[in-house]
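What you see is a predicted model, and the numbers here were worked out from it, not measured in a lab. One-based numbering, in listed order, for ligands and for the atoms of each. All residue numbers refer to positions in the sequence shown, counting from 1. The basis for the numbers below is simple: all heavy atoms, side chains too, and nothing from hydrogens, waters or symmetry mates.
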Amino acid sequence: MSAKPDKSAKAGSIELLQAPNLPMDADAILQDFTHYFGRMLGRRTIDVKSPFLYQAVVYAARDRLMERWSQTRKAAQRDDTRRTAYLSLEFLMGRLLRNALLNLGIEDETADALNRLGLDLEDVIDSERDAGLGNGGLGRLAACFLDSCATLSLPVIGYGIRYQYGMFHQRIENGYQIEEPDSWLREGFPWEIERIEYAQTVRFGGRSIVYEDGNGVTRHAWADTEDVLAVPYDIPIPGYRNNVVNTLRLWSASAPHAFDLGEFNAGSYADAVATQNEAQNITMVLYPNADSENGQELRLRQQYFLASASLQDLLSGWITRHGENFEDFAAKTCFQLNDTHPAIAVAELMRLLIDVHELGWDEAWAITQKSMAYTNHTLLPEALETWPVSMFRRLLPRVLDIIYEINARFIVEISQQWPGDNDRIARMSLIREGSEPMIRMAYLAIVGSFSVNGVAELHSRLLREGLFRDFAEMWPERFNNKTNGVTQRRWLAACNKPLAELITDKIGDGWTTELTELGRLAEFADDPDFQRAWRKVRQTNKTRLARDLQDRTGLVVNPATLFDVQVKRIHEYKRQLLNLLHAVYLYQRIRGGHETVPRTIIIGGKAAPGYVMAKKIIKCINNVSQVINSDPAMEGRLQLIFYPDYNVSAMELICPAADLSEQISTAGKEASGTGNMKFMMNGAVTIGTLDGANVEIREAVGEENFFLFGLTVEEIAELRGRYSPSAIIDADDGFGRVIAMLESGHFNRFEPGVFDSILQSIREPSDPWMTAADFRSFVDAQERAADAYRDRAGWTRMSILNSASSGRFSTDRTMRDYNEDIWNLDPILLDGT
Ligand code: 26V
């Protein structure tokens, strides 16, 4: 690399010449690894356990991303094309190393280099900690989106928060979940680059003031604020073998000055240092989604911090390129809001355009409405965000003014369209009146956006017809569906290499960037040789998972059994309880002498620390598991295992090994699901309700290759009000015995009463999840699945067809859909491509 004066660079600055891309062979990688390990990290002894091996490998790989990264930035800069900022409080990235090597195409070369030192790349890959900056589906979806956007060369930048503590680790003690902090940054995170030069100031508190500027124009300002510095850390997001490297920019909070001089001079040194601490608190910890965490002030600070820092960042880039001319801003910028979490960006963009850049209201509103797009990820009413007006007034007074103004103008619009319809105004108002008036963030997002989408066909329909009905009536053209997906690079190529190789041998490797190519596997679904190879791979994967299960739980698992898997956050609507009731049912049947297909039921997932019922469910699964697994009569027939500390890396081991994928939520409650897609892609067969993307999965694979059960959305609605779970239990002997055994205290001899609340919830006529209603139909579907599993060839065929039919569920397709209907981005054109 050398330097030269560059006319395009800022006056007085010198631009480094673009260096040629680094060599990708094992020799060169080994040389760089040695340099980083020995000279940069200052280590001499190669010990398999050392975290510095991993760091040195990352630096060697990162070097190979660096030139491509700056080339990507340059190309976007040069062409000044339209771009999208994906705003999300969560990016559940998991491990990054294997993915980076895969996308760069240097996995073998890196393994080779390490081999020469007697090291195994797999061990190094396994030593990486998960970047657990998300709760579950919503955060992982954002991570899959980034991979697909880079692969499609779409100019999309992710904006998020660099939490010091990500998703907690889960330990199980006496069956109970114990949370442990995830200090994932402790040994350093070698992927990130701090960019202090792009730090932004975010303001809180103070008061909103009105003044007249020099030209006699009335202006607003925000005075006496407490300021926090937002420092960006950039993570490279490589596309699959296309030389594109996009950016995930995560903001970290710190005090604007190391010391507040006023306080320092007043002698309060400790208070001055504490100020630093207060600022850092904003990005200290990821919130787990639970009711009890709703309405927390620190969470609102996080949301505003992300929105404000990201918008300022984008605006300052704009001004560098265009000066204070915002005419084309909306044509060249799109903000995609990942749920309502960053929805405050609607008001913040207005504030920045009006107060800082001195645009008029109408001009600012036109820009905002043309650039914002909102994705909804849940229908659960308790998950819809509202914030107390009083909290806004204290924390963000000027932003509150703007929300009131948006609402006032919106209400005028409603009354023009529906004169005198005051009920409608009350229903739609951004403010829910009451003793504690609340701001409805979803409504703010809808009013401020040109696009509102759900994440599966059913979910989008329910949004239009139910939750957002009034809004869909007012602006039908705004509402659309974008069915979720997952990236096949991580969720097949990287996590299931044996299957990926088998598939590629058969149909070539086109599927890595065009997943519908998998459809060509269908013609081999009955081919005995292919079936045998397919089964062999699946057996290998099941053995690998069995080993992992033994490491984690001490239980010995037989890989020849049917692996029946449900892994996801623990929530009542996902009905892990229904799964557990079935386990007890099987237990009783087997004790009664009934022979069935040997089965290993695996349930994994975290409960939000404040979600009491979810934690009880974990305890109950563990207690039942204890009884089943220690009963000699179950030996070789039934095992129930709770998988502790479920996370992204765990899913990479689990989904290639599952036979049966449990997607058993109450119809109408799971917006989409994405685990369902990972399982399907890897050849698991789904047992599920007509909920979320299950509907589309079943359509794609055919009803004969899907175990359907349960009430539909309409049937659930129809049953409400006359639902009588106790009557259902009384009328069904098998079900009655299951409940009786649970109620007898058989599974909690030493802790009487611990499961009372769970059992009560099942018997509750107002049970929103209607577990009892679906029990018998679930058990029947499970029996059909077991029968099908007995027929080896028949099951293998179903397994192959599931994988073959998963083409639609790639985030490459999802991102093309977003791009065609919402973003309209041109792909990045790199020099020489
Ligand atoms: C949030 C909260 C917040 C407080 C009250 C309890 C509660 C319960 C659930 C949630 C979920 C937040 C949104 C979310 O994670 N949705 C998930 O998004 C996935 C990606 O679109 C989708 O596949 C899942 O079905 C959906 O649950």
Side-chain angles (χ1 to χ4, degrees), residues 86 88-92 133-145 167 286-296 299-300 302-303 336-343 374-387 441-442 445 452-460 462-463 467 481-487 491 566-575 605-615 648 651 661 663-680 688-697 768-769 809 811 814-815 817-818:
Y86 196 81
S88 178
L89 270 281
E90 303 187 17
F91 286 91
L92 188 41
L133 308 184
N135 275 284
L138 169 148
R140 182 55 232 177
L141 184 75
C144 284
F145 278 10
M167 190 62 206
L286 166 76
Y287 273 90
N289 44 23
D291 283 317
S292 61
E293 308 290 353
N294 256 339
Q296 299 288 317
R299 169 77 175 174
L300 179 57
Q302 289 184 343
Q303 297 186 346
Q336 190 72 41
L337 307 175
N338 199 20
D339 218 302
T340 53
H341 314 155
Y374 158 55
T375 305
N376 171 284
H377 294 268
T378 182
L379 288 157
L380 299 187
E382 66 269 33
L384 289 179
E385 287 191 299
T386 57
W387 290 105
M441 299 307 280
V452 179
N453 76 280
V455 291
E457 278 164 17
L458 173 66
H459 171 234
S460 298
L462 295 174
L463 285 180
L467 202 57
N481 171 248
K482 294 289 166 284
T483 298
N484 283 167
V486 303
T487 167
W491 296 111
Q566 186 180 24
V567 286
K568 47 182 80 231
R569 286 300 288 267
I570 310 291
H571 200 291
E572 288 165 281
Y573 85 78
K574 295 178 188 281
R575 296 200 296 195
K606 293 173 183 174
Y611 191 169
V612 175
M613 188 62 92
K615 294 177 104 172
V648 171
M651 185 55 157
S661 155
Q663 307 300 336
I664 62 179
S665 51
T666 313
K669 300 297 178 187
E670 189 70 271
S672 161
T674 46
N676 47 4
M677 300 168 184
K678 294 163 198 165
F679 283 117
M680 178 195 201
T689 48
L690 284 179
D691 200 15
N694 295 355
V695 178
E696 291 156 76
I697 286 178
W769 325 114
F809 304 105
T811 34
T814 311
M815 293 296 84
D817 288 353
Y818 273 82

Decide side chain to side chain donor-acceptor pair (under 3.5 Å) for Lys574 and Gln566; before the verdict, give the C-alpha distance in whole Å, the side-chain angles of both, and the deciding distance to 0.1 Å. CA-CA 10 Å; Lys574 295 178 188 281; Gln566 186 180 24; over 6 Å; no
Run the numbers on Glu385 and Gln303 for side chain to side chain donor-acceptor pair (under 3.5 Å), then give the verdict. CA-CA 12 Å; Glu385 287 191 299; Gln303 297 186 346; 2.7 Å; yes
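Each of the atoms 25 (O) of ligand 1 lies under 4.0 Å from some heavy atom of Ala671.
Remark: Leu286 CG to Met167 CE distance equals 6.5 Å, nearest 0.5 Å. Considering CG of Asn484 and CG of Leu141, their distance stands at 4.5 Å, rounded to 0.5 Å. Atom OG1 of Thr689 and atom CD of Glu670 lie 8.5 Å apart (nearest 0.5 Å).
Not a single donor-acceptor pair under 3.5 Å links the side chain of Asn338 to the backbone N or O of Ala142. Judged by distance alone, with hydrogens and angles left aside, the side-chain atoms of Ser665 form no donor-acceptor pair with the main-chain N or O of Tyr573 at under 3.5 Å.
Below 3.5 Å of separation, one finds no N or O of Asn294 facing any N or O of ligand 1. Checked by distance only, ligand 1 and Asp339 stay at 3.5 Å or farther apart across all their nitrogen or oxygen atoms. Checked against a 3.5 angstrom limit, the closest N/O atoms of Asn289 and ligand 1 fall outside it. Among the atoms of Tyr573, some N or O lies under 3.5 angstrom from an N or O of ligand 1. When only interatomic distances are considered, the shortest N/O to N/O separation between Gly673 and ligand 1 falls below 3.5 Å.
Looking only at side-chain heavy atoms (C-beta outward), Asp691 and Leu458 come within less than 4.5 Å of each other.
Contacts of Asn484 with ligand 1, taken as heavy-atom pairs under 4.0 Å, involve the side chain alone. Contacts of Val455 with ligand 1, taken as heavy-atom pairs under 4.0 Å, involve the side chain alone.
Among all non-hydrogen protein atoms, the one lying nearest atom 16 (N) of ligand 1 is His377 O, 2.9 Å. Nearest protein heavy-atom contact of atom 15 (O) of ligand 1 is Leu138 CB, 3.4 Å. Considering only non-hydrogen protein atoms, atom 24 (C) of ligand 1 sits nearest to Glu670 OE1, 3.4 Å.
Looking at Gly610, Ala383, Ala614 and measuring to atom 7 (C) of ligand 1, the nearest heavy atom belongs to Ala383.
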